[in-house]
Amino acid sequence: MLIVLATAVGRLLALGRGLVRSGFDLGTLFVPNLSWWWSRPRLGHGWNPWVFGGVPADADPELGQLHPAGLLYALAPPFTAACIEAALTPALAGIGLLLYLRRIGAARAGAIVGGLSFALGGFIAGHAVHPPLMRTAAAVPWVLLAVESLEGVALAAGFGAALALLVAGGHPQTVVYATAPLGVYVLCFGRLREGARRRALVAGAALAVAATAGMWLPSVVLIRESTRWALGPLDPMDTLSRATLHTMVVPFAYGGAVGPAYGRTFERFPGCGVIACMSYPGMVVWLLVLAGLPVVLRSSRGRFWAAVAVFAVAFAGGAFDAVLGLRGVRGPSRMLLWWSVAAATLAGLAWPSAGTSRSGRWVVPALLAGVIAWSSTTGPDAGRAAAVAAALLAVSAGAWWLGSRGGRRAAWLPVAVLFADLLLLTTSLPFDEPAVPVGQRHPELTAVRELLAAEPSESMRVGRTLVVPLSFDADWAPFAATPLLQGYNPLVPRRLSELLHGEARPEDERGLVADPALVSARNRVLDVLRARLVVVATGDHPVLRAFEDAMRASPERWTRLDRRAGDFDVWRNRRAAPLAWCVPAVRVVPDDVALRLVRGLEPGDDFDPAREALAPAPIPGVEAGPPCPPVDVVAYGEDVVRLRAAPAAGALVVVGELAHPGWRAEVDGGSVPLYTVDAGVRGVVVPAGRHDVTLTYAPPLARTGLALTVAGVLGLGLCALRARRAPARPRR
């Protein structure tokens, strides 16, 4: 109950000030996507047509839509759900570590100290705006608890359920970082020589994999079809350098804070940041770990966690990059997850014996005081942060000494000081923003929605919008009823990126568009993708001026509207294609040539998508004939598109939607091939006469994954039921 209340206090204080947790990636990436998914659970489907010209959101492994915490976004408004999760997930993390510490022999006060440290400090505090990372971290102590406390069928159920929650958190990198040391722990303390335990652990792991297959199987296709798969090695990012090690004792020494204690300071972390490299466990924890280390190292688990702490910090600092070949792996600092777990565990095991050590009583505070004093010289904002750290050290040292010497009631002094310390930390992180209604968070999208709603033409309303250079609220497009050619996510569909940027795709993978050639007279990309509006930010930047100059140079194509969208000018594309159109001819060209033709880069060859389609191989059934009549749109939904075409001869119906695995086509109820034409959109052959065409998104891997998920969850439930009915065994 103490941990639950502790994790809720910070949220209540923020709500009292009219703030909601919506800063950084939380409000731009995670909340809108989770809210869209759970507004109508897309089980077996999940095509999001509002961003990136369409993207299979069911396959995004970063979001972790199938995690049970996602239900919050089905039951509450977006930022209310985020606020609840910001309190609930750390509480589950802290309770799990508290129970684990009690199981391996920690005293009650020590277990609470460890639970508070893990719930409110270090990794979880810094990643409070990354729900998938928090969820994964929160499951770690529960996996450890299952290994330590369960036997037989109960071990299979508990270990499998906890591991499934860890894997279902999302964010593949963090899942890998979390599971690798867990495997080492199981090898060291899982008693694998006992056949029954070994079988139970293997069965639990298998059930966990099955239970999360619905999230991970579809991601295989999305990742392969995204720019992330095609990009080369990335420079390492978010590394805890030696220059920033002292922030483990003095948070905000390089700025990045808000609030009265640390002040409002600009973030200047070299090579990292206040989010990725937040590793402060609490001053009481530092005192316990350093002073109690000789006692803790006497036990095998103490030695294990001490080794994990050293390894995690070294890994986060990039010490193993050359050995393990980690170039291109972003975020080694996320191994600080294990530093947070290890520091909290070591502190819990050290209580209270560390307080009786004379050297610990004086030498350790002096050592920490030296680090704080040196930290005060490292930057313009370090002085204030060091002063706060020094005050916390003095109070924590006094409470620690009194608590270890004064009996049961005095033992709560360090707990109270640690809570105040970590509450100060969490409320000083710049993650809370003024509560703004969803409809007012993206003024340019709202203005475009109103403009589209006033259009009498149905084809105008199903068109798309391109924002230059990028609206960071792009993922709110479904809530603003504004289909976009961009989004905010590292998994940009590769075909879209090639169309918007050519073969030389930018390293920024989040939908940034900065190529003025897109609006030139010869470029057909925005026509094929039916971008009817281009919204350009106002300003003096050369890229913005280049877009405006190119559109002014093509008055036959572009019309500037009198109405503005916030700080953006709005231009209409007169040449944009409808949702679907019919062509009587197919030109066979290689994929790279098709891309150049659509982008207008082949001199002397003016490709017109209204007269012909481009394909890498002949398409049977397309006959030379007269021009086709317009294609009627019967229904246009997220997972289903229904059309009606009536060509005089066999023709190709081109749909201005991105081609992606998982879409299938039917003509008059019969399955037909779906082709990729014009360097990235869909084409369906329709014979002469009047016919109904249906495109449906139903990826086989998503259905297979969901079937495995149901089987895995049922298996875990049956194991738990069987364990509940089994006779109790005496504890070891």
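- Annotation for Leu101 and Gly115: closest pair CD1-N, 4.5 Å, computed over non-hydrogen atoms.
- The closest donor-acceptor contact from the side chain of Ser375 to the backbone of Val371 lies at 3.5 Å or more, if one exists at all.
- Between Glu85 and Arg135 there is a salt bridge, with a side-chain nitrogen of the basic residue lying less than 4.0 Å from a carboxylate oxygen of the acidic one.
- Looking at residues two or more places apart in sequence or on another chain, you find no salt bridge (Lys or Arg N to Asp or Glu O under 4.0 Å) involving Asp25.
- In this structure, the side chain of Thr427 engages the main chain of Leu423 through a donor-acceptor pair within 3.5 Å.
- At least one donor-acceptor pair closer than 3.5 Å links the side chain of His67 to the backbone N or O of Ala69.
- Aromatic ring centres of Tyr177 and Trp339 lie farther apart than the 6.0 Å criterion allows.
- The two residues Pro281 and Ala343 come nearest to each other via the heavy atoms CB-CB, 4.2 Å.
- Taking the six-membered ring for Trp and thresholds of 30 and 60 degrees, His246 and Trp374 have ring planes more than 60 degrees apart, a perpendicular arrangement.
- A salt bridge is defined here as a Lys NZ or Arg NE, NH1 or NH2 lying under 4.0 Å from an Asp or Glu carboxylate O, and Arg11 with Asp432 meets this definition.
- Counting only distance, with no hydrogens or angles, the side chain of Thr7 and the backbone of Ala87 share a donor-acceptor pair below 3.5 Å.
- Using a distance-only test at 3.5 Å, with no hydrogens or angles considered, no donor-acceptor pair links the side chain of Ser333 to the main chain of Ala316.
- Pairs engaging residues 259-287 under the side chain to side chain donor-acceptor pair (under 3.5 Å) rule: Arg268-Asp381, Tyr280-Asp421 [sequence neighbours left out].
- The backbone N or O of Arg494 sits nowhere less than 3.5 Å from a side-chain atom of Ser226 that would complete a donor-acceptor pair.
- With values rounded to the nearest 0.5 angstrom, Ser117 atom OG is found 10.5 Å from Leu346 atom CG.
- Across all their heavy atoms, Leu496 and Gly53 have their closest contact at CD2-N, 4.3 Å.
- Thr244 places no side-chain N or O within donor-acceptor distance of the main-chain N or O of Leu240, the cut-off being under 3.5 Å.
- Checked by atom type, the side-chain pair His171/Thr136 shows no donor-acceptor distance below 3.5 Å.
- Heavy atoms only, all atoms of each residue included: Pro78 and Ser35 are closest at CB-OG, 3.4 Å.
- For Asn489 and Asp60, the side-chain atoms include at least one donor-acceptor pair closer than 3.5 Å.
- At least one donor-acceptor pair under 3.5 Å links the side chain of Trp142 to the backbone N or O of Leu92.
- Under the disulfide bond (SG atoms under 2.5 Å apart) criterion, Cys272 pairs with Cys277, sequence neighbours left out.
- A donor-acceptor pair under 3.5 Å links the side-chain atoms of Asp475 to the main chain of Tyr488, judged by distance alone.
- Ring geometry for Trp305 versus Tyr100: interplanar angle over 60°, hence perpendicular rather than tilted (30 to 60°).
- Of all heavy-atom pairs between Leu15 and Cys83, the closest is CD1-SG, 3.8 Å.
- A distance of 6.0 Å or more separates the ring centres of Phe118 and Phe123.
- For the pair Phe79 and Gly27, the tightest heavy-atom approach, listed with the atom from each and the gap, is CE2-CA, 4.4 Å.
- Judged by distance alone, with hydrogens and angles left aside, the side-chain atoms of Ser396 form no donor-acceptor pair with the main-chain N or O of Leu393 at under 3.5 Å.
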